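To start, the structure itself, in C-alpha coordinates.
This one's a predicted model, so the numbers in the text were calculated from it and none came from an experiment.
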Amino acid sequence: MGLSTFATAAAALLIAGALPCAAHASEISGEVDLLELHVGKGSDHLVMESTFAFGKGADQFVLKVDGGSDARTAFDSVQVQALYSRALSDKVAVLVGARRDFRAGADLNYAALGIEASLTDWLDVEHYVYLSEHNDLTGAGKVTARWALGKRLALEPRVMLNWSARAVPAEALGAGVNDFEGSVRLRRAIGPHADLYVGYAHEHLFGQTRRIAVAAGQAPIINRAIVGMGLKF
(Lines give C-alpha, C1' and ligand atoms only; values in the text may rest on other atoms or scores of the structure.)
Protein backbone atom coordinates (compact mmCIF):
# COMPACT_ATOMS: atom_id res chain seq x y z
CA MET A 1 0.00 0.00 0.00
CA GLY A 2 1.48 3.38 -1.02
CA LEU A 3 1.66 6.37 1.29
CA SER A 4 -1.09 8.25 -0.54
CA THR A 5 -3.37 5.20 -0.41
CA PHE A 6 -2.71 4.84 3.32
CA ALA A 7 -3.57 8.48 3.99
CA THR A 8 -6.84 8.24 2.07
CA ALA A 9 -7.86 4.94 3.65
CA ALA A 10 -6.99 6.09 7.16
CA ALA A 11 -9.06 9.24 6.79
CA ALA A 12 -12.07 7.35 5.49
CA LEU A 13 -11.97 4.63 8.16
CA LEU A 14 -11.29 6.80 11.19
CA ILE A 15 -13.62 9.67 10.38
CA ALA A 16 -16.43 7.31 9.35
CA GLY A 17 -15.94 5.42 12.61
CA ALA A 18 -16.03 8.45 14.88
CA LEU A 19 -19.67 8.19 15.91
CA PRO A 20 -19.64 4.43 16.64
CA CYS A 21 -16.55 4.89 18.82
CA ALA A 22 -18.22 7.74 20.67
CA ALA A 23 -21.33 5.67 21.30
CA HIS A 24 -19.31 3.05 23.19
CA ALA A 25 -17.17 5.49 25.13
CA SER A 26 -17.63 5.54 28.90
CA GLU A 27 -16.72 9.21 29.25
CA ILE A 28 -17.04 12.23 26.97
CA SER A 29 -15.43 15.64 27.37
CA GLY A 30 -14.85 18.52 25.03
CA GLU A 31 -14.13 22.18 24.57
CA VAL A 32 -14.42 24.90 21.99
CA ASP A 33 -11.12 26.52 22.90
CA LEU A 34 -11.36 29.29 20.31
CA LEU A 35 -14.43 30.80 18.68
CA GLU A 36 -13.28 34.22 17.63
CA LEU A 37 -13.30 37.08 15.18
CA HIS A 38 -10.04 38.67 13.98
CA VAL A 39 -10.70 42.34 13.23
CA GLY A 40 -8.33 44.62 11.34
CA LYS A 41 -7.31 45.93 7.95
CA GLY A 42 -9.09 44.14 5.11
CA SER A 43 -11.58 41.32 5.61
CA ASP A 44 -12.34 40.10 9.12
CA HIS A 45 -11.33 36.49 9.87
CA LEU A 46 -13.34 33.82 11.67
CA VAL A 47 -11.47 31.12 13.60
CA MET A 48 -12.64 28.06 15.56
CA GLU A 49 -10.64 25.35 17.36
CA SER A 50 -12.40 22.53 19.23
CA THR A 51 -11.47 19.16 20.73
CA PHE A 52 -13.65 16.28 21.94
CA ALA A 53 -12.33 13.22 23.81
CA PHE A 54 -14.17 9.91 24.15
CA GLY A 55 -13.13 7.33 26.73
CA LYS A 56 -11.02 7.51 29.87
CA GLY A 57 -7.66 6.34 31.07
CA ALA A 58 -4.57 6.03 28.88
CA ASP A 59 -6.48 5.21 25.69
CA GLN A 60 -8.91 7.69 24.15
CA PHE A 61 -10.50 8.60 20.85
CA VAL A 62 -10.01 12.31 20.06
CA LEU A 63 -11.97 14.33 17.51
CA LYS A 64 -10.60 17.77 16.59
CA VAL A 65 -12.73 20.14 14.51
CA ASP A 66 -11.20 23.44 13.38
CA GLY A 67 -12.56 25.93 10.88
CA GLY A 68 -12.94 29.46 9.66
CA SER A 69 -12.09 31.74 6.79
CA ASP A 70 -9.31 34.16 5.87
CA ALA A 71 -11.58 36.09 3.53
CA ARG A 72 -14.87 36.60 5.39
CA THR A 73 -16.76 35.84 8.60
CA ALA A 74 -17.83 32.34 7.59
CA PHE A 75 -16.71 28.72 7.78
CA ASP A 76 -15.30 28.36 4.28
CA SER A 77 -12.86 25.67 5.41
CA VAL A 78 -13.29 22.95 8.04
CA GLN A 79 -10.56 20.56 9.18
CA VAL A 80 -11.53 17.32 10.97
CA GLN A 81 -9.04 15.06 12.71
CA ALA A 82 -9.96 11.62 14.04
CA LEU A 83 -7.19 10.40 16.35
CA TYR A 84 -6.32 7.57 18.72
CA SER A 85 -4.57 9.01 21.78
CA ARG A 86 -2.21 6.98 23.96
CA ALA A 87 -0.97 8.60 27.17
CA LEU A 88 2.70 7.87 27.85
CA SER A 89 2.44 9.57 31.26
CA ASP A 90 0.17 12.05 33.00
CA LYS A 91 1.99 14.79 31.04
CA VAL A 92 2.58 13.38 27.53
CA ALA A 93 0.36 11.74 24.91
CA VAL A 94 1.00 10.47 21.39
CA LEU A 95 -1.83 10.72 18.86
CA VAL A 96 -2.19 8.95 15.50
CA GLY A 97 -4.99 8.92 12.97
CA ALA A 98 -6.31 10.89 10.05
CA ARG A 99 -7.26 14.39 8.99
CA ARG A 100 -9.66 15.53 6.29
CA ASP A 101 -10.02 19.09 5.01
CA PHE A 102 -13.43 20.18 3.76
CA ARG A 103 -13.27 23.30 1.60
CA ALA A 104 -13.97 24.77 -1.79
CA GLY A 105 -12.05 22.98 -4.52
CA ALA A 106 -10.34 19.68 -3.81
CA ASP A 107 -10.78 18.14 -0.36
CA LEU A 108 -7.66 16.50 1.00
CA ASN A 109 -6.98 13.47 3.21
CA TYR A 110 -3.95 13.14 5.49
CA ALA A 111 -2.38 10.62 7.82
CA ALA A 112 -1.63 12.39 11.12
CA LEU A 113 0.89 11.85 13.91
CA GLY A 114 1.24 14.17 16.87
CA ILE A 115 2.56 14.61 20.38
CA GLU A 116 1.02 16.79 23.10
CA ALA A 117 2.73 17.56 26.39
CA SER A 118 2.16 19.65 29.52
CA LEU A 119 5.62 20.89 30.46
CA THR A 120 4.31 22.63 33.59
CA ASP A 121 0.90 23.44 35.00
CA TRP A 122 0.93 26.64 32.91
CA LEU A 123 2.75 25.63 29.69
CA ASP A 124 1.52 23.20 26.99
CA VAL A 125 3.23 22.25 23.73
CA GLU A 126 2.16 20.17 20.74
CA HIS A 127 3.48 19.24 17.32
CA TYR A 128 1.72 17.40 14.49
CA VAL A 129 3.08 15.95 11.25
CA TYR A 130 0.74 15.35 8.29
CA LEU A 131 1.23 13.20 5.19
CA SER A 132 -1.24 14.06 2.43
CA GLU A 133 -2.72 11.70 -0.14
CA HIS A 134 -0.29 13.33 -2.59
CA ASN A 135 2.68 12.42 -0.35
CA ASP A 136 3.27 16.02 0.79
CA LEU A 137 4.71 16.22 4.31
CA THR A 138 3.76 19.23 6.44
CA GLY A 139 3.79 20.03 10.13
CA ALA A 140 2.37 22.40 12.72
CA GLY A 141 3.65 23.27 16.20
CA LYS A 142 2.03 25.25 19.00
CA VAL A 143 3.11 26.52 22.42
CA THR A 144 0.43 27.81 24.80
CA ALA A 145 0.95 29.45 28.19
CA ARG A 146 -1.75 30.34 30.69
CA TRP A 147 -1.20 32.61 33.70
CA ALA A 148 -3.93 33.29 36.26
CA LEU A 149 -4.33 37.00 37.02
CA GLY A 150 -7.08 36.54 39.57
CA LYS A 151 -10.08 34.38 40.32
CA ARG A 152 -11.70 34.99 36.92
CA LEU A 153 -8.96 36.45 34.71
CA ALA A 154 -6.20 34.60 32.83
CA LEU A 155 -3.58 35.74 30.31
CA GLU A 156 -2.95 33.28 27.48
CA PRO A 157 -0.03 33.85 25.06
CA ARG A 158 0.38 31.48 22.08
CA VAL A 159 2.99 30.85 19.43
CA MET A 160 2.24 28.75 16.32
CA LEU A 161 4.55 27.71 13.47
CA ASN A 162 3.79 25.79 10.24
CA TRP A 163 6.27 24.14 7.88
CA SER A 164 6.41 22.07 4.71
CA ALA A 165 9.06 19.54 3.69
CA ARG A 166 8.77 20.66 0.06
CA ALA A 167 6.92 23.25 -2.00
CA VAL A 168 3.21 22.50 -2.52
CA PRO A 169 2.08 24.90 -5.28
CA ALA A 170 -1.54 23.71 -5.12
CA GLU A 171 -1.66 24.81 -1.47
CA ALA A 172 0.36 28.02 -2.03
CA LEU A 173 3.10 26.66 0.25
CA GLY A 174 6.85 26.95 -0.16
CA ALA A 175 9.45 24.60 1.30
CA GLY A 176 10.62 25.25 4.85
CA VAL A 177 8.96 27.41 7.49
CA ASN A 178 5.75 28.82 6.00
CA ASP A 179 4.29 31.10 8.65
CA PHE A 180 4.37 32.19 12.27
CA GLU A 181 1.59 33.48 14.48
CA GLY A 182 2.04 35.05 17.88
CA SER A 183 -1.06 35.97 19.86
CA VAL A 184 -2.21 36.86 23.34
CA ARG A 185 -5.69 36.58 24.85
CA LEU A 186 -7.10 37.93 28.08
CA ARG A 187 -9.83 35.55 29.20
CA ARG A 188 -12.55 36.25 31.76
CA ALA A 189 -14.59 33.33 33.10
CA ILE A 190 -18.35 33.88 33.04
CA GLY A 191 -19.16 30.56 34.71
CA PRO A 192 -17.68 27.10 35.17
CA HIS A 193 -17.99 26.24 31.49
CA ALA A 194 -17.50 29.45 29.51
CA ASP A 195 -15.27 32.48 29.12
CA LEU A 196 -15.08 35.63 27.04
CA TYR A 197 -11.82 37.12 25.81
CA VAL A 198 -10.12 39.87 23.86
CA GLY A 199 -6.66 39.79 22.39
CA TYR A 200 -4.20 40.53 19.63
CA ALA A 201 -2.63 38.40 16.87
CA HIS A 202 0.41 38.93 14.65
CA GLU A 203 0.81 36.72 11.55
CA HIS A 204 3.99 36.63 9.47
CA LEU A 205 4.68 34.66 6.27
CA PHE A 206 8.17 33.45 5.35
CA GLY A 207 10.26 32.48 2.31
CA GLN A 208 8.60 31.17 -0.80
CA THR A 209 5.20 31.13 0.91
CA ARG A 210 5.58 34.87 1.47
CA ARG A 211 6.51 35.44 -2.19
CA ILE A 212 3.51 33.41 -3.38
CA ALA A 213 1.16 35.44 -1.17
CA VAL A 214 2.60 38.79 -2.29
CA ALA A 215 2.29 37.76 -5.97
CA ALA A 216 -1.38 36.97 -5.32
CA GLY A 217 -1.94 40.40 -3.77
CA GLN A 218 -2.10 39.16 -0.18
CA ALA A 219 -0.42 40.85 2.78
CA PRO A 220 2.63 38.97 4.14
CA ILE A 221 2.24 40.51 7.62
CA ILE A 222 -1.12 40.88 9.38
CA ASN A 223 -1.94 42.42 12.76
CA ARG A 224 -5.44 42.02 14.13
CA ALA A 225 -7.51 42.52 17.26
CA ILE A 226 -9.33 39.45 18.61
CA VAL A 227 -12.69 39.04 20.30
CA GLY A 228 -14.10 35.63 21.14
CA MET A 229 -15.39 33.07 23.59
CA GLY A 230 -14.51 29.58 24.86
CA LEU A 231 -16.78 26.74 26.00
CA LYS A 232 -16.19 23.51 27.95
CA PHE A 233 -18.48 20.48 28.10
Side-chain angles (χ1 to χ4, degrees), residues 7-8 10-12 14-19 22 28-40 42-54 61-83 85 95 97-112 114 116 124 126-130 132-133 136 138-142 144 156 158-162 164 168 170-173 178-183 185 187 193-199 201 203 205 209 213 218 222 224-233:
T8 304
L14 284 174
I15 293 176
L19 292 179
I28 301 174
S29 62
E31 67 173 350
V32 179
D33 189 31
L34 303 181
L35 182 59
E36 61 190 32
L37 189 65
H38 291 200
V39 181
S43 301
D44 295 340
H45 297 183
L46 185 64
V47 176
M48 181 188 73
E49 291 185 10
S50 61
T51 302
F52 304 90
F54 307 93
F61 172 80
V62 176
L63 185 67
K64 294 179 178 284
V65 182
D66 304 333
S69 173
D70 290 337
R72 61 195 184 107
T73 52
F75 288 99
D76 291 336
S77 176
V78 176
Q79 180 188 102
V80 179
Q81 295 188 74
L83 305 162
S85 174
L95 300 93
R99 167 185 144 195
R100 181 171 174 84
D101 293 358
F102 299 90
R103 59 191 178 181
D107 296 331
L108 282 179
N109 299 317
Y110 299 81
E116 299 185 357
D124 296 328
E126 65 178 61
H127 188 270
Y128 280 83
V129 176
Y130 302 106
S132 80
E133 59 189 282
D136 294 315
T138 56
K142 179 169 66 176
T144 304
E156 187 181 271
R158 294 187 181 207
V159 174
M160 296 187 292
L161 195 69
N162 296 293
S164 179
V168 189
E171 302 298 310
L173 297 178
N178 302 133
D179 62 84
F180 161 89
E181 180 181 307
S183 61
R185 293 165 180 80
R187 293 183 182 257
H193 303 295
D195 63 66
L196 298 175
Y197 59 85
V198 294
E203 302 173 37
L205 301 181
T209 302
Q218 300 173 3
I222 299 175
R224 291 182 177 275
I226 297 172
V227 58
M229 68 180 302
L231 300 168
K232 292 185 178 180
F233 307 99

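- Ser50 meets the side chain to side chain contact (heavy atoms under 4.5 Å, CB included) test with Val32, Met48, Phe52, Val65; sequence neighbours excluded.
- One finds the CG atom of Leu196 at 14.0 Å from the CZ atom of Arg185 (value rounded to the nearest 0.5 Å).
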Given Gln79 and Tyr110, is the side-chain hydrogen bond (donor to acceptor under 3.5 Å, both in side chains) satisfied, shown in steps?
CA-CA 11 Å; Gln79 180 188 102; Tyr110 299 81; over 6 Å; no

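- Tyr197 has its side chain out of reach of Val227: every pair of non-hydrogen atoms, C-beta onward, lies at least 4.5 Å apart.
- The existence of a salt bridge linking Lys142 and Glu49 is confirmed by a sub-4.0 Å separation between a basic side-chain nitrogen and an acidic carboxylate oxygen.
- Looking only at side-chain heavy atoms (C-beta outward), Phe61 and Leu83 stay at 4.5 Å or farther from each other.
- In this structure, Leu63 CG and Ser85 OG are separated by 13.0 Å, a value rounded to the nearest 0.5 Å.
- In this structure, Phe233 and His193 have side chains that are not in contact, with every pair of non-hydrogen atoms separated by 4.5 Å or more.
- To the nearest 0.5 Å, atom CE of residue Met229 and atom CG of residue Leu35 are 7.0 Å apart.
- Judged by distance alone, with hydrogens and angles left aside, the side-chain atoms of Glu181 form no donor-acceptor pair with the main-chain N or O of Glu203 at under 3.5 Å.
- Between the CG atom of Leu34 and the OG atom of Ser183 there is a distance of 8.0 Å, given to the nearest 0.5 Å.
- Residues that satisfy the salt bridge (Lys or Arg N to Asp or Glu O under 4.0 Å) test with Glu156, not counting sequence neighbours, are Arg146, Arg158, Arg187.
- Counting only heavy atoms from C-beta outward, the side chains of Val62 and Thr51 approach each other to under 4.5 Å.
- Using a cut-off of 4.0 Å between Lys/Arg side-chain N and Asp/Glu carboxylate O, Lys64 and Glu116 are scored as salt-bridged.
- Leu205 contributes atom CG, which lies 8.5 Å from atom CG of Asn178 (distance to the nearest 0.5 angstrom).
- A donor-acceptor pair shorter than 3.5 Å can be found between the side chains of Asp179 and Asn162.
- For the pair Leu108 and Glu171, the minimum side-chain heavy-atom distance is below 4.5 Å.
- Residues passing the salt bridge (Lys or Arg N to Asp or Glu O under 4.0 Å) test with Arg224: none are found, sequence neighbours excluded.
- How far CG of Asp33 is from NZ of Lys232: 8.0 Å, rounded to the nearest 0.5 Å.
- Listed here is the closest heavy atom pair of Ala172 and Thr209: O-CG2, 3.7 Å.
- By the 4.5 Å heavy-atom criterion applied to side chains, Arg100 and Gln81 are not counted as neighbours.
- The closest side-chain heavy-atom distance from Leu95 to Tyr128 is below 4.5 Å.
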